[in-house]
Protein chains: 4
Amino acid sequence: MPADPARRSQESWRAILDAAYALFVEGGYQSVTMGGIAARAGVGRQTLYRWWPSKAAIVFEAFLDKVSIGPLPADGPLPADGPLPADGDLATGDLATLLRAYAHGFLTLYVDGAGGSRLRELIGAAQTDPDLARVMAEQWFEPRRAPVREALREAQRAGAVRADVDPDTALDLVFAPLHYRLLVSGQPLDAAYADAVVDLCLHALRYIASDTTASRPSKSSLQGPQARR
Amino acid sequence: MPADPARRSQESWRAILDAAYALFVEGGYQSVTMGGIAARAGVGRQTLYRWWPSKAAIVFEAFLDKVSIGPLPADGPLPADGPLPADGDLATGDLATLLRAYAHGFLTLYVDGAGGSRLRELIGAAQTDPDLARVMAEQWFEPRRAPVREALREAQRAGAVRADVDPDTALDLVFAPLHYRLLVSGQPLDAAYADAVVDLCLHALRYIASDTTASRPSKSSLQGPQARR
Amino acid sequence: MPADPARRSQESWRAILDAAYALFVEGGYQSVTMGGIAARAGVGRQTLYRWWPSKAAIVFEAFLDKVSIGPLPADGPLPADGPLPADGDLATGDLATLLRAYAHGFLTLYVDGAGGSRLRELIGAAQTDPDLARVMAEQWFEPRRAPVREALREAQRAGAVRADVDPDTALDLVFAPLHYRLLVSGQPLDAAYADAVVDLCLHALRYIASDTTASRPSKSSLQGPQARR
Amino acid sequence: MPADPARRSQESWRAILDAAYALFVEGGYQSVTMGGIAARAGVGRQTLYRWWPSKAAIVFEAFLDKVSIGPLPADGPLPADGPLPADGDLATGDLATLLRAYAHGFLTLYVDGAGGSRLRELIGAAQTDPDLARVMAEQWFEPRRAPVREALREAQRAGAVRADVDPDTALDLVFAPLHYRLLVSGQPLDAAYADAVVDLCLHALRYIASDTTASRPSKSSLQGPQARR
DNA sequence: TTCTAAGCGAGACGGTACGTCATGTCTTTTT
DNA sequence: AAAAAGACATGACGTACCGTCTCGCTTAGAA
């Protein structure tokens with residue numbers, strides 16, 4: 001008998017997400033407990049188990065709620081980078097600018113942000129929790145990939161980017177190194193690195209026009225696209 | 001009083017690593033417990049705490065032990081890709097071949113391997129365990145990056161690869177997408193993807209010598225260069 | 001606002017008592033729950049709380065209902081000893097026969113009966129529930145004591161039983177040992193025991209006629225036998 | 001693996017029994033919880049479950065401990081009637097005195113005593129807990145019955161009490177009414193009642209010497225009084 | 001050789017968190 | 001207004017692990 005969402009208490013829902021997010025940000029994922037959330041939210045423990053399958057699900061929903069909804073009315077420490085700078089027309093115009101914007105948005109959210117570094121822990125938890133992994137892929141990563149993928153396709157149609165590369169693979173060239181440094185390698189993840197990655201990626205993708213002139217290595221190639229102007 | 005390693009019982013050590021690895025492979029990281037390891041190893045629980053700081057440390061050491069030592073005498077299900085094909089001269093000769101070998105070795109170990117998919121869980125655990133993160137970076141990731149980095153530098157010196165890119169950043173172009181698909185995106189991680197990534201990476205790095213001969217990727221799929229002919 | 005009994009749903013009432021009794025007989029007192037009764041009766045939980053103050057009250061009423069109303073229409077496993085063989089004229093005629101009939105009725109109901117041994121649990125529950133204790137005393141024990149008490153008084157008036165004994169105390173001589181073996185001592189409670197108890201009781205009560213001097217309570221009776229020598 | 005009693009912590013044991021008894025006396029059986037005992041004793045909850053099968057077992061052991069060991073050094077509110085006045089020679093000499101002593105001891109312990117009325121609750125709990133019932137029968141009731149039974153046998157051998165009655169049945173004549181009023185009937189349980197019961201009991205048992213013809217147990221005695229007319 | 005200090009197996013200990021269950025109150029919807 | 005339905009706060013339950021702490025037992029190296 002799956003609980004009927006229509007009868008759900010909105011107050012409890014809010015209180016739970018707020019409590020879960022607060023505990024998460026304050027003490028990290030490991031420090032969050034079902035009992036702790038319930039106590040802080042002034043809610044029965046059973047209410048948690050009624051609506052969520054696991055701690056991971058609650059914490060992720062709380063995170064999503066806080067980050068996506070934008071700055072909280074009062075106390076929110078969120079950078080609220082949220083989904084994206086969001087004006088879609090970037091896509092057509094300037095892929096390089098879009099990619100760079102994304103890379104810097106990533107840094108803002110994951111590295112500088114208060115709750116940002118906590119996302120690492122959620123991704124970590126997802127490694128042993130297939131449900132969480134699926135939900136995060138659907139609700140967090142894919143929404144962030146989609147607009148970039150679309151811009152990439154547009155660029156391919158416009159002939160600005162080689163058309164023989166699967167857009168998802170191309171996307172990975174930018175997204176992957178950022179996540180890699182965040183999660184795997186301990187090496188620095190800063191603006192310089194983000195710029196370098198974007199440039200290299202553009203290099204790799206560039207060259208439907210690359211033809212002869214394009215291939216100039218050291219300096220000019222960094223801003224390859226711009227150089228073409 | 002830090003325990004004296006000289007008096008350490010070798011039998012217990014072996015039994016503990018074997019037990020930890022067995023439990024890890026059988027049930028996943030979450031299913032491993034200190035008590036479980038001790039019981040399976042026929043060892044007192046205190047012995048674990050005497051020599052290791054945490055469950056993560058034991059499991060990682062057990063994993064490292066099994067994977068690095070090569071095929072076990074009797075029952076080892078490890079593909080034993082282990083460190084690397086290991087003869088360093090690959091480096092000079094053919095960077096593309098080396099990269100491809102690494103990418104496929106990654107698949108063999110992380111995707112096909114029995115204990116392979118378990119490594120995901122260890123990386124996940126490291127997201128909330130700085131000590132584990134550090135140890136893994138030092139003892140697992142860096143040893144696998146080092147020879148490739150060296151080959152890259154060699155290629156840079158030989159003029160086969162553009163010299164204005166930080167080798168570690170360049171490395172990430174290959175390593176990152178593989179880890180990204182493993183850990184973050186739920187998208188397929190197979191040989192075709194590995195090949196595509198290596199090709200794109202070579203494209204990005206190629207071209208101080210790019211012009212004529214340098215990079216011939218796997219299938220001509222890149223066809224950029226060929227097209228120029 | 002005390003609920004108005006006039007508006008009470010007869011169907012629900014029946015269903016609740018049936019459900020409570022069924023759960024009680026099937027699994028014992030501890031296994032009965034408010035939620036369980038409500039679910040089995042197809043009734044809202046609040047309906048239980050509206051009409052009964054506690055689980056004990058429901059279960060006792062259900063027990064009383066089933067045992068007193070006589071054999072159920074279809075499935076009743078009750079021996080339906082119920083109140084008593086019921087023709088009151090036994091009282092005058094033959095006290096011994098009456099007592100024996102009661103003692104054997106007790107065995108039938110409490111020991112042999114299906115729901116019989118469950119009564120033990122109700123008495124047990126009454127030890128921590130004063131309300132239940134009171135209700136049981138009024139509605140279960142007293143109705144069973146009353147006719148015997150009346151018979152005893154009749155016998156006292158007729159001179160067949162010593163008149164210097166409080167009828168309630170005399171009653172206890174028969175009722176108490178049966179309950180004692182049921183509730184306290186683990187010793188066998190069977191027909192032989194019931195007969196022996198009744199005989200001894202008759203001995204104790206008999207003799208206002210048997211021996212004029214004897215009935216001096218406190219001092220002399222202590223060594224009754226010796227003193228008379 | 002049943003826990004090894006040799007390694008048991010004496011301090012915890014004491015603290016647990018003290019805590020359990022205190023909670024029991026203060027709030028009644030229902031108010032005692034495993035968690036409450038553990039907290040008050042400053043003990044882990046698992047320690048309770050390690051050594052006792054149930055709350056009932058702990059509380060009974062605590063009760064037994066307090067009542068049997070005699071008056072506590074400082075705060076014990078127990079009347080310490082405990083086992084018995086204990087000098088066995090009462091048995092031979094004066095059965096009546098012994099019975100009366102027991103009856104009054106019963107009142108002191110069960111009715112007047114602080115923890116006394118709590119014993120009712122334990123007997124109540126035993127009605128749904130066969131293990132507790134068995135343990136109480138062995139460790140509480142039987143030790144109190146044994147000396148009286150022995151005195152009775154002695155009296156039978158001495159010819160002071162009719163020999164055709166099973167001693168346990170005879171015992172019940174005194175013990176049962178006291179427990180009956182305590183547990184079942186709500187009627188007063190006081191010294192007068194106790195005396196009356198003892199007197200009646202002595203009457204019932206007396207007369208192998210009292211009346212030559214009378215002592216035919218099962219059949220003829222039924223209408224004894226009437227028959228003699 | 002004896003002493004002694006460590007490692008070791010075993011497992012009891014005080015704790016924390018878990019997920020389930022039952023309670024009694026409440027609100028919503030239907031009859 | 002009673003009733004079915006069921007969400008809610010509360011809190012006890014029994015279990016699983018945690019990390020620490022004794023216990024004896026062995027097993028050296030030092031006296």
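In what follows, chains carry the letters A, B, and so on, assigned in the order in which the sequence lines appear, proteins first and then strands, with residues in each chain numbered from 1. Computed from heavy atoms alone, side chains included, the values below leave out hydrogens, waters and symmetry copies.
The side chain of W51(A) contributes no N or O atom lying less than 4.0 Å from OP1 or OP2 of dA7(F). For the OP1/OP2 pair of dA9(F) and a distance below 4.0 Å, the side-chain nitrogens and oxygens of T47(A) include at least one atom meeting the criterion.
At a threshold of 4.0 angstrom between heavy atoms, the contacts of R50(B) include nucleobase atoms, whether or not backbone atoms are also involved.
Between P53(D) and S12(C), it is S12(C) whose nearest contact on DNA chain F lies nearer the 5' terminus. Between S54(B) and G42(A), the one whose closest nucleotide on DNA chain F sits nearer the 5' end is G42(A).
For the pair M136(A)/D131(A), no side-chain contact is recorded, criterion being any heavy-atom separation below 4.5 Å from C-beta on. Residues M34(C) and I58(C) meet the side-chain proximity criterion, which asks for heavy atoms closer than 4.5 Å.
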Steps toward salt bridge (Lys or Arg N to Asp or Glu O under 4.0 Å) verdict (D65(B), R14(B)): CA-CA 10 Å; D65(B) 169 77; R14(B) 260 267 62 77; 2.7 Å; yes

Start with the C-alpha distance between D4(B) and R7(B), add both sets of side-chain angles, then the distance that settles salt bridge (Lys or Arg N to Asp or Glu O under 4.0 Å), and finish with yes or no. CA-CA 6 Å; D4(B) 175 5; R7(B) 309 192 58 169; 5.4 Å; no

One pair to check against ring-ring contact (aromatic ring centres under 6.0 Å, His included): F63(B) and W140(B). What are the steps and the verdict? CA-CA 10 Å; F63(B) 182 83; W140(B) 180 258; 5.5 Å; yes

Evaluate the criterion salt bridge (Lys or Arg N to Asp or Glu O under 4.0 Å) for residue pair E121(B) and R118(B); output intermediate values, then yes/no. CA-CA 5 Å; E121(B) 300 181 291; R118(B) 297 306 186 194; 3.3 Å; yes

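Remark: P of dA17(E) and NZ of K55(A) are 10 Å apart, rounded to the nearest angstrom. One interatomic measurement links the two molecules: CD of Q10(D) to C1' of dA12(E), which rounds to 12 Å at whole-angstrom precision. Going from atom CG of D4(B) over to atom C1' of dT27(F) covers 14 Å, rounded to whole Å. Atoms CH2 (W13(D)) and P (dC13(E)) sit 11 Å apart, rounded to a whole Å. Rounded to an integer number of Å, the gap from I58(C) CD1 to dG24(E) P is 10 Å. For I16(D) and dG14(E), the CD1 to P distance is 7 Å, given to the nearest whole Å. Between the CH2 atom of W52(C) and the C1' atom of dG24(E) there is a distance of 16 Å, given to the nearest Å. Rounded to whole Å, the distance from CD on E11(B) to P on dC8(E) is 9 Å.
Taking every heavy atom of residues 121-130 of chain C and every atom of DNA chain F, no pair lies under 4.0 Å. Listed by residue number, the members of residues 28-41 of chain B with any heavy atom below 4.0 angstrom from DNA chain F are T33(B), M34(B), G35(B).
Looking at residues two or more places apart in sequence or on another chain, you find a side chain to side chain donor-acceptor pair (under 3.5 Å) between E61(B) and W13(B), W52(B).
A side-chain donor-acceptor contact under 3.5 Å links S31(B) to the backbone of G28(B). Side chain of Q127(A) to backbone of L183(B): a donor-acceptor contact under 3.5 angstrom is found. Put simply, the side chain of K55(A) gets close to the backbone of V32(A): a donor and an acceptor are under 3.5 Å apart.
Remark: K66(A) fails to qualify as a cation-pi partner of F24(A) under the 6.0 Å distance and 45° angle criteria applied to the six-membered ring.
For the side chain to side chain donor-acceptor pair (under 3.5 Å) condition, the pairs that include at least one residue of residues 37-47 of chain C, sequence neighbours left out, are E26(C)-R40(C).
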Summarise protein proximity over nucleotides 25-31 of chain E in one line of letters, 5' to 3': B for base, S for sugar-phosphate only, - for none, counting protein heavy atoms closer than 4.0 Å. BBB----

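Between dA2(F), dC8(F), dG9(E), one nucleotide has an atom nearer to the side chain of V43(B) than all others, and that is dG9(E).
Summary of helix geometry: the two end axes of the helix from dT1(E)-dA31(F) to dT31(E)-dA1(F), each defined by five base pairs via their C1' atoms, are inclined to each other by 10° (rounded to 10°).
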